[in-house]
Asker: 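Can you keep this structure in mind? I'll have questions shortly.
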Protein chains: 2
Amino acid sequence: MTTTIRQVAAAAGVSLATASRALSGSPAVVESTRKRVQQAADDLDYNPSRLGRSLVTGSTGNIGLIFPDISNPFYTQFLAELESVVAARDIGILIGDAHEDSHREASLLRQMVTQVDSLVLVSSRMTDAQITAAAVRLPVVLANRRLAPGSIVPELLSQIVIDVEPGFSAAVDHLYALGHRRLTYLDGPARSWSAREKRASLTRACARLGVDLSIVPVEKPDFESGRQVARHLDPNTTVVVAFNDQVALGVLSTCRDRGIVVPVNMSVVGCDDSLPIGLAWPALTTIDSSSRSLGALAAQAVLNPAVHRTGSVPTRLVVRESTGPARPSMV
Amino acid sequence: MTTTIRQVAAAAGVSLATASRALSGSPAVVESTRKRVQQAADDLDYNPSRLGRSLVTGSTGNIGLIFPDISNPFYTQFLAELESVVAARDIGILIGDAHEDSHREASLLRQMVTQVDSLVLVSSRMTDAQITAAAVRLPVVLANRRLAPGSIVPELLSQIVIDVEPGFSAAVDHLYALGHRRLTYLDGPARSWSAREKRASLTRACARLGVDLSIVPVEKPDFESGRQVARHLDPNTTVVVAFNDQVALGVLSTCRDRGIVVPVNMSVVGCDDSLPIGLAWPALTTIDSSSRSLGALAAQAVLNPAVHRTGSVPTRLVVRESTGPARPSMV
DNA sequence: ATAGACAATGAAAACGTTTACATTGACCCT
DNA sequence: AGGGTCAATGTAAACGTTTTCATTGTCTAT
């Protein structure tokens, strides 16, 4: 059915070894035979089996990619960016969706480990131990997550993160300058490193300025959950900062349903800037943490694991139209 | 480094063949040794190589998935749905982004063909000949694309499409009822089957009701292109129907910039309904062609290629707030 | 008691490659 | 002329599995 290198060799009248050498451009084969083999390969539409090759060379030409939730645009953008740099090298991409579940993530990892050259774990929910264990078998790029401070970091592990500090700090400054003294944070998944990171930054910034902070958990960081949680907020909430843009848009949606005018009666700040500008209305003030940049950085780490052991992409506040001054009565 | 079945066999004191049988649950192995082998495997944290297995069994446990553009939410949703049904069977997923380029698509196909059991081509830009050629090697699911009518369809090919007719027909009825007699269609990529399909449906519906239709090409079916093209529309355009939601949102964005009030001065209709309801404002009237349903159908076709040779998901019009009555002066 | 059946296991081939090592000549140098 | 070098090719092992076929031994039926 599918043609093998053995058939190509036969057609060209050479041994299987010579055929292999000819096709891989080894200098040890004379030009005339090289041409003859190439011709035979073309005629038979030969397509080398990646399986056979991988088994003997020990390198598959694939990488594995595991996210907590593929339908989240933040990860989609990350994927798109990573794909375009990696695919140029003719590297295949295996993806897996862990559905925010560390067990599922671990099982995907097991599935992939035997058929990829390296692994990118995005916002991994696994334990440090699980991650470092994987990194002894093959190079691992940890994206949007960092091992606990002080851990010994395996040779083969890279860590690529988003530095949320400047963005969140600027967001609180911005809100403070508008006169707000209280804000509500809609928190991300408990097991998420980046959620903890964001919460910590926000807490620091609020403490610094003496802003009152109340933290509300959100089950799943998506549009629908944002919509739900916004329905049960303390009625005199005037500022909402959300773990990501999806949640913020959910809040916006509920505000519209209830006739709460943003940014007059309510200010909303998102995080990620993963959506096209102006997609929502009013346009969302957000903490830009470009997932595309994160993807680009991860791609570099994948391509040369030795060099890019660590990297971070900065965040900044993008002020649009969903934040406004505190109303005098509320200050 | 990584433990092989040979080591497991050694540790359990059996031959490699018995180890294999024990682990794959063959009835030919006695319970006591089965346990012993399992124990050894667990102790050594044995993880069978998919490569080795694939080579001999001829089945890889992976499927390949090729889209024209991963960052498009329509495809992301499709992917998410397909993933969740397929992953439950412990099937791996290789993805590729063709970037709307048929050459790139063909080369991805070559890369994948040797390491997957079947292939899903989404909105393929390749020729019928290329597609049918692939379908002789392995099962192919053609999603959002159909071979030219009258083609002989290979055994291994399934075709899963969206039936745009009812949705577009209803959209034109809706607009007609609102008093509109002219509309502008922002067309999709020239090489896209679904773009031709949508255009044809729209043309038929307009002809039926005597509505004047003008068709404007859009380079790339995304937000930014929609924004651009909306800037150069005939100034007395009052209705825009877009190839997809992204483009429609781009139009909405430009309208806002120019102070054109939707739906008072302009009606906008999207297509796909790939975004969370109410994400845009005004909420987009759209032709719902659930990419999730398409993904679910494709998943079924992948799992039992014999049965689901063909399928289609219907469309319907979802009226929201971006369409309104024609203004008297313009009828 | 002995042949035959059958259950449990082992030996080896196979999948499609790459590559280390062996073989063949042709040529050059003395 | 004959040994040595080197370039071109061939042979065979290896990668990690599964599976066919062969082997061993135990048990049953005559």
Side-chain angles (χ1 to χ4, degrees), chain A residues 1-38 40-41 44-62 92 110-117 137-138, chain B residues 1-38 40-41 44-62 92 110-117 137-138:
Chain A
M1 186 60 58
T2 119
T3 80
T4 103
I5 200 174
R6 185 165 256 111
Q7 299 170 28
V8 173
V14 297
S15 84
L16 169 165
T18 312
S20 172
R21 280 190 278 254
L23 294 174
S24 63
S26 156
V29 57
V30 80
E31 182 60 15
S32 63
T33 59
R34 222 221 71 227
K35 261 185 171 162
R36 198 151 35 93
V37 172
Q38 188 61 58
L44 298 172
D45 190 29
Y46 170 65
N47 189 17
S49 158
R50 283 216 171 196
L51 296 179
R53 188 189 308 225
S54 303
L55 200 52
V56 56
T57 61
S59 123
T60 62
N62 296 328
R110 271 182 89 81
Q111 176 203 103
M112 288 185 179
V113 107
T114 62
Q115 45 183 348
V116 300
D117 294 336
R137 298 178 151 276
L138 82 179
Chain B
M1 187 60 58
T2 118
T3 81
T4 102
I5 199 174
R6 184 165 258 111
Q7 299 170 28
V8 173
V14 298
S15 83
L16 167 165
T18 314
S20 173
R21 281 190 277 253
L23 294 175
S24 63
S26 157
V29 57
V30 80
E31 183 59 14
S32 65
T33 61
R34 222 221 72 227
K35 261 187 171 162
R36 199 150 34 93
V37 172
Q38 188 60 58
L44 297 173
D45 190 30
Y46 170 66
N47 189 17
S49 159
R50 283 215 171 195
L51 296 181
R53 186 189 310 222
S54 303
L55 201 52
V56 56
T57 61
S59 123
T60 62
N62 296 328
R110 272 183 87 81
Q111 177 204 104
M112 288 184 178
V113 108
T114 62
Q115 46 183 348
V116 301
D117 294 336
R137 299 178 150 276
L138 82 179

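Letters A, B, ... mirror the listed sequences (proteins, then strands); counts begin at 1. In what follows, every heavy atom counts, from backbone to side chain, and hydrogens, waters and symmetry copies are set aside.
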Asker: Can you check the A/E31 CD to D/dA7 P distance for me, whole Å?
Answerer: 17 Å

Asker: Taking atom C1' of C/dT18 as reference, at what distance in whole Å does atom CG of A/L51 sit?
Answerer: 15 Å

Asker: Determine the sole option in A/R36, A/E31, A/K35 for which the side-chain contact (heavy atoms from CB on, under 4.5 Å) test with A/T33 is passed.
Answerer: A/R36

Asker: May I ask you to verify if any side-chain N or O of B/R53 is less than 4.0 angstrom from the OP1 or OP2 atom of D/dG16?
Answerer: no

Asker: Tell me which of B/A19 and B/L55 sits closer to the 5' end of DNA chain C, going by the nucleotide each one is nearest to.
Answerer: B/A19

Asker: Within the structure, does a side-chain N or O atom of B/T18 lie under 4.0 Å from either OP1 or OP2 of C/dG10?
Answerer: yes

Asker: A side-chain contact here means heavy atoms from C-beta on lying under 4.5 Å apart; do A/T2 and A/N47 qualify?
Answerer: no

Asker: Round to the nearest Å and state the distance from B/I5 atom CD1 to C/dG10 atom P.
Answerer: 13 Å

Asker: Compare all side-chain heavy atoms of B/R110 with those of A/D45 and state whether any distance is below 4.5 angstrom.
Answerer: yes

Asker: What is the distance from CZ of A/R50 to P of D/dG16, rounded to the nearest Å?
Answerer: 20 Å

Asker: Within the structure shown, what part of the strands sits under 4.0 Å from A/S54 by heavy-atom distance: base, sugar-phosphate, or nothing?
Answerer: nothing

Asker: Would a 4.5 Å heavy-atom cut-off, applied to side chains only, mark B/T60 and A/Q115 as touching?
Answerer: no

Asker: Which part of the nucleic acid, if any, lies within reach of B/R21 when heavy atoms closer than 4.0 Å are counted: base, sugar-phosphate only, or nothing?
Answerer: base

Asker: B/R34 has an atom CZ; how far is it from atom C1' of C/dT9, in whole Å?
Answerer: 16 Å

Asker: Using OP1 and OP2 only, check whether a side-chain N or O of A/T4 sits under 4.0 Å from C/dC15.
Answerer: no

Asker: Would you say B/T114 and A/L51 make side-chain contact, with heavy atoms under 4.5 Å?
Answerer: no

Asker: So what does B/T114 touch, heavy atoms closer than 4.0 Å: a base, only the sugar-phosphate, or nothing?
Answerer: nothing

Asker: Using atom CG of B/L44 as one end and atom P of D/dG16 as the other, report the distance to the nearest whole Å.
Answerer: 14 Å

Asker: Of A/L16 and A/A28, whose nearest nucleotide on DNA chain D comes first from the 5' end?
Answerer: A/A28

Asker: Does a side-chain N or O of B/S20 approach OP1 or OP2 of D/dT18 to a distance below 4.0 Å, or not?
Answerer: yes

Asker: Whether B/S15 contacts C/dG10 is assessed here as follows: a side-chain N or O lying under 4.0 Å from the phosphate OP1 or OP2. Is that the case?
Answerer: yes

Asker: Taking the side chain of B/A17 as its heavy atoms from C-beta onward, which of C/dG16, D/dG10, C/dA12 lies nearest to it?
Answerer: C/dA12

